[in-house]
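Taking it in order: structure first as structure tokens, then the write-up.
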Amino acid sequence: MQVTLRIKRFNPEKDKEPWWGEYKFAAEPTDRLLDALNYVKWYLDGSLTYRRSCAHGICGSDAMQINGSNRLACKVLLMNLGQKITIEPLRGYRVIKDLLVDMDAFLAKYRSVRPYLVTHTPDPEKERLQSPADREKFDDTTKCILCGACTSGCPSFWADGEYVGPAAIVNAHRFLFDSRDEGGEDRMQVLNTLDGVWRCRTIFNCVEACPREINVTRAIGEVKKALLYRKI
Amino acid sequence: MNGAGRPKPESGLELYAWIFMRISGIALLVLALGHLLIMHIVHNVDHIDFQFVAQRYATPFWRTYDLVLLWLAMIHGVNGVRTVLVDYVSPRGWRTASLASLYLLGFVLLALGSLAILTFQPPMAP
Amino acid sequence: MVKPLEYLTYRGGPGHWSWILHRLAGVGVFLFLLIHIVDIALIGWGPKVFNKLLFLYRAPAFRTGEVLLVGAVLYHAINGIRICIIDFWPETMALHRKLTYAVGIIFVALFIPTAIYMLSFVVK
Amino acid sequence: MVQRYDAVVVGAGGAGLMAALQLAGRGHVAVLSKLYPTRSHTGTAQGGIGAALGNHEEDHWEWHMFDTVKGSDYLADQDAVEILCREAIETVYDLEHWGLPFSRTPEGKIAQRPFGGHTREFGKAPVRRSCYAADRTGHMILQTCYQQCIKHDVHFYNEYHVLDLLIENGRCAGVVALCLATGEICTFHAKAVLFATGGCGKMYRVSSNAHSLTGDGMAVVYRRAIPLEDMEFFQFHPTGIYKMGILLSEAARGEGAILRNKLNERFMERYAPALLDLAPRDLTSRAIYREIREGRGIEGKNYVHLDMTHLGSEVLDKKLPDITEFVRTYMGIDPLTHPVPIQPTAHYAMGGIPTDVDGRVVIDEKNTPLPGLYAAGEVACVSVHGANRLGTNSLVDILVFGRRGGRHAVKFIQENDWVPLPAHADEPARALVSQVLKSTGKERAADIRDVLQDEMMDKASVFRDAKGLTAMRGKLRELRDRYRQVKSEDHGARYNTELLEVIELGGLLDVADVLVESALARQESRGGHYREDFPKRDDANWLKHTLAYQTPKGVELKFKPVTITKFQPMERKY
Ligand SMILES: Cc1cc2nc3c(=O)[nH]c(=O)nc-3n(C[C@H](O)[C@H](O)[C@H](O)COP(=O)(O)OP(=O)(O)OC[C@H]3O[C@@H](n4cnc5c(N)ncnc54)[C@H](O)[C@@H]3O)c2cc1C
Ligand code: HEM
Ligand code: SF4
Ligand code: F3S
Ligand code: FES
């Protein structure tokens with residue numbers, strides 16, 4: 001099939017303003033959008049810049065706005081996108097070059113929720129036991145690949161970048177609901193603030209954007225509920 | 001670490017605001033929709049005049065009803081607009097100023113409204 | 001950061017639109033409430049002033065606005081209930097799209113007849 | 001710009017992070033990675049990590065050791081395998097203590113599943129040894145290790161691409177890296193350097209490997225006169241999604257999926273009557289190629305079916321959720337109702353930088369270490385995988401030897417001082433970069449890479465012979481000439497990913513060269529290396545490791561003996 005990629009280009013080293021690059025070529029309908037981007041980079045314009053690695057939706061490198069929604073370029077096939085495809089960088093982050101954005105602030109938020117298991121009891125000789133039912137409680141949120149699609153699609157985050165954002169909350173949830181974790185109190189304190197979970201207005205754009213199909217809003221809701229019960 | 005911002009200390013305020021929004025919302029569902037139903041649909045502005053109000057306020061029930069509605073709607077609304085302002089007004093000074101104006105406005109109008117409801121003296125029926 | 005118009009260009013899900021409407025409706029109703037308090041307070045000035053004012057309310061433009069107000073409160077209320085449901089029962093979030101569509105359907109089902117009924121007085 | 005650290009870890013996959021965790025707090029340490037750590041390819045590992053915990057049934061590390069040695073076609077060094085299998089157990093418990101969310105048995109223990117080549121009582125029947133977290137084990141390992149690094153404040157330089165290794169007076173002095181964000185070339189002066197840069201699977205067309213797996217670490221080290229060991233052994237995983245190469249883990253067959261040909265036959269009955277579809281990968285991949293060659297590929301094309309339709313949604317959605325989703329997303333079919341088209345996909349480099357069991361890089365047949373230089377993970381060759389790696393053993397390898405390397409490096413930095421930096425240390429790296437940026441050539445890197453990948457697939461993959469390999473040797477020479485004329489369109493400094501791809505291609509060409517020369521030399525068939533002109537294993541002449549050196553005349557090969565302790569070579573039957 002014939003496709004046209006409209007890509008928002010911006011290289012601060014030489015451009016004053018972002019501009020739209022248009023690239024027309026033939027591709028297989030079953031190609032990933034990432035394959036099409038690679039085609040542009042490899043054969044049409046070597047300066048096109050974006051991140052990519054695994055090419056099958058696991059590493060979280062290539063989240064971008066595709067036809068107006070946040071997706072992973074390696075996880076959408078051209079046949080589902082139509083002939084004219086508009087591609088822009090994730091919004092809400094500083095654009096460094098073309099589709100590549102600065103994720104430092106995003107990752108700093110991730111780190112702020114203490115995303116690691118905290119235990120005070122000494123480790124047993126073998127594994128800590130955990131029932132399948134307890135394991136199931138946080139299964140959904142262990143899937144996060146830190147791609148940033150959710151946070152960048154969240155209107156509350158667009159409004160104020162101080163919002164810790166859905167991705168960080170997802171990762172806090174992963175530990176808050178892990179029966180082995182004993183660091184909940186600290187994490188709760190970070191989240192029980194204006195810039196924590198309470199800025200979430202249940203807009204669900206995060207859920208729509210998440211390439212790992214994590215029900216992000218539900219995780220946030222569970223954290224809110226946990227905060228509520230802790231206080232009452 | 002740019003833009004990370006140290007998390008502000010927990011105060012619990014946001015949590016209480018959140019729960020209040022939900023409880024007052026459910027109450028408003030009955031009160032506000034009831035109010036609209038009575039004043040704008042079953043009756044409509046064609047029927048409503050001073051006389052109508054006077055009759056209604058002859059019973060304490062409607063006064064209480066309106067008073068509760070006023071308070072809940074006002075606090076719910078002020079808090080709602082607060083979230084909106086906090087979202088879109090990030091420069092510190094502007095944020096403080098706009099929030100202060102909002103609270104002031106809310107307070108004055110709440111007082112005014114309460115006063116009107118409480119002090120209203122229906123003239124003796126002719 | 002993100003410009004106001006760009007809030008409309010992002011293609012999120014139905015939740016995106018329901019939030020925009022909820023927020024607009026909430027703020028709109030709040031602004032009306034402010035005016036409403038002032039005019040009701042005028043009742044303290046006695047029947048003359050008050051009844052005169054009601055004239056304003058009876059103007060067709062105002063009557064149409066009234067329909068919008070009812071619509072705004074109605075939508076905000078129904079959607080508010082959806083928010084409460086998903087907040088207190090996070091399990092229901094698996095159905096989030098369906099719930100949002102349900103709000104739309106209920107709103108239309110209630111609002112259209114009400115609006116026709118109310119507008120029928122204006123036309124008269 | 002020169003920065004000084006006690007130790008530098010290059011690569012932030014499982015191996016790099018594990019090593020960094022040992023070093024954290026015990027010295028001034030930096031981790032350099034060309035990808036943000038959680039984007040590393042360890043995250044894509046699906047099936048599990050092998051350890052004889054015996055949570056479901058009796059199991060012993062000796063059994064694990066036997067399977068690994070047999071799986072390796074007896075080329076693995078058995079002292080190293082023993083360490084691997086013993087320490088696997090404590091490593092898995094460590095991961096669990098760090099919070100890794102393993103799937104659980106009803107009693108709440110770590111769940112385990114069967115995996116190709118893993119057996120009980122020295123080959124009697126499959127055993128459940130692979131500890132798993134659904135089919136996202138690698139993801140969980142990578143996340144968990146990275147989380148521990150956050151906890152221990154490990155210092156990362158993300159998106160730094162290492163270009164060169166510095167050696168002074170036979171000792172390691174540091175590395176030179178390109179900072180992608182600024183385009184600056186930075187020198188890291190260090191007492192110890194640990195390479196954990198992963199594999200080189202992108203030299204093949206159909207590959208399960210990430211775009212970033214271009215053998216950088218191997219190439220950098222190789223250019224500094226350090227040999228690469230056993231590079232002819234490259235593993236093809238039997239079940240990659242047709243054409244795309246995306247992996248469908250052996251866990252699928254562990255849970256009961258079956259391979260079928262055009263006639264709907266369960267053809268593995270002919271090739272491995274005891275283990276059937278759970279036979280080791282080299283054997284299974286060859287079986288699939290044979291079926292295809294003999295005209296039993298589906299619709300006469302070069303693929304067969306992986307049949308999971310009988311597994312039911314309970315197994316697919318609960319135990320194999322990710323691969324089920326891959327099939328749905330990329331093939332547009334539902335594995336619940338349709339068999340999945342698969343073909344063998346380039347997967348894993350058994351060979352790499354030779355190291356001893358402490359992760360020290362050794363540079364000759366006598367295992368002489370190069371002081372201060374370490375390697376671990378897929379980039380290294382200890383060798384625990386020999387001629388063929390068993391599924392689940394790489395994750396064990398990266399963690400066990402990442403840790404051992406890290407621990408040894410701790411000792412090393414405490415006992416040693418920096419060697420002075422060579423003069424103009426960053427000169428070669430600068431030259432490399434400016435040569436690409438200033439190039440006036442007309443060759444497109446992508447065209448060269450296309451030819452490389454197609455030809456390697458054709459001539460140096462599952463089946464090999466002298467004719468093909470010799471032709472490949474010529475091809476590589478030609479490609480190298482073209483590479484000298486490579487053009488560049490992006491002359492900017494910031495995030496010049498085009499520059500990066502050109503440099504990566506250079507690495508691939510070097511590594512492919514070594515692979516082809518080593519494969520041509522080895523006149524026998526063993527594990528992942530199958531010569532049609534020499535179809536038998538030849539222990540008399542070839543029970544030895546290959547060491548390939550770069551010399552001005554081209555690749556020079558030397559050989560080193562295999563360490564055999566517990567298990568004498570036997571015929572390998574499943
Ligand atoms: C799809 C798939 C599934 C697999 N499943 C399993 C399984 O179930 N069980 C199992 O045991 N094994 C499995 N494997 C194999 C195993 O996952 C890998 O061999 C292992 O993860 C390699 O880890 P590593 O730490 O050596 O390298 P990687 O995780 O690949 O990390 C390499 C690191 O090096 C960095 N790097 C590379 N080059 C440079 C450079 N020039 N400068 C700076 N940094 C650099 C990268 O940024 C990255 O951080 C699988 C492999 C694949 C591809
Ligand atoms: C009729 C019943 C009502 C219900 C069930 C209801 C419910 C809610 C709920 C649950 C919220 C919180 C939304 C969130 O946190 O995402 C909210 C917000 C809000 N409400 Fe109401 N409400 C009602 C009536 C009103 C009235 C009468 C007003 C006006 C005075 C009002 C003004 C607002 C405003 C301004 C917001 C903030 C909007 C936002 O943050 O996006 N509401 N409402
Ligand atoms: S929650 Fe989903 S969208 Fe958000 S960062 Fe994680 S994987 Fe990406
Ligand atoms: S889009 Fe944003 S507001 Fe909440 S539900 Fe998702 S985080
Ligand atoms: S390239 Fe890894 S998620 Fe797309």
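So that the names make sense, note that chain A is the first sequence line, chain B the second, and so on, each numbered from 1. This one's a predicted model, so the numbers in the text were calculated from it and none came from an experiment.
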NZ/NE/NH1/NH2 to OD/OE distance under 4.0 Å, [X] and [Y]:
| X | Y | value |
| --- | --- | --- |
| R111(A) | D153(D) | no |
| E96(D) | R180(A) | yes |
| R212(A) | D322(D) | yes |
| E213(A) | R328(D) | no |
| E325(D) | K75(A) | yes |

List the steps, then state whether side chain to side chain contact (heavy atoms under 4.5 Å, CB included) holds for K151(D) with R114(A). CA-CA 8 Å; K151(D) 185 173 179 181; R114(A) 290 163 226 232; over 6 Å; no
Pair Y36(D)-D104(A), side-chain donor/acceptor within less than 3.5 Å: no
Given a strict heavy-atom distance threshold of 4.5 Å, which part of [X] is in contact with chain D: side chain, backbone, both, or neither?
| X | answer |
| --- | --- |
| I145(A) | both |
| E125(A) | backbone |
| R128(A) | both |
| T30(A) | backbone |
| P12(A) | side chain |
| L146(A) | both |
| I96(A) | both |
| N80(A) | neither |

Has the side chain of R39(D) got a donor or acceptor atom that lies under 3.5 Å from a matching backbone atom of S53(A)? no
For the pair K97(A) (side chain) and R494(D) (backbone), establish whether a donor and an acceptor sit closer than 3.5 Å, ignoring hydrogens and angles. yes
H56(A) and Y330(D): ring pair (Phe, Tyr, Trp, His ring centres under 6.0 Å), yes or no, with the steps? CA-CA 9 Å; H56(A) 65 287; Y330(D) 296 108; 7.3 Å; no
Given E127(A) and N55(D), is the side chain to side chain donor-acceptor pair (under 3.5 Å) satisfied, shown in steps? CA-CA 11 Å; E127(A) 66 265 57; N55(D) 278 354; 3.0 Å; yes
Quick check for you: among I89(D), D94(D), L53(D), I150(D), which has the greatest number of heavy-atom pairs under 4.5 Å with chain A? I150(D)
With a 4.5 Å heavy-atom cut-off, do L129(A) and E107(D) have their side chains touching? no
Below 30° counts as parallel, above 60° as perpendicular, anything between as tilted: where do the rings of H211(D) and W42(A) land? perpendicular
Mind running side chain to side chain contact (heavy atoms under 4.5 Å, CB included) on L117(A) and H97(D) for me, showing each step along the way? CA-CA 8 Å; L117(A) 193 80; H97(D) 296 157; over 6 Å; no
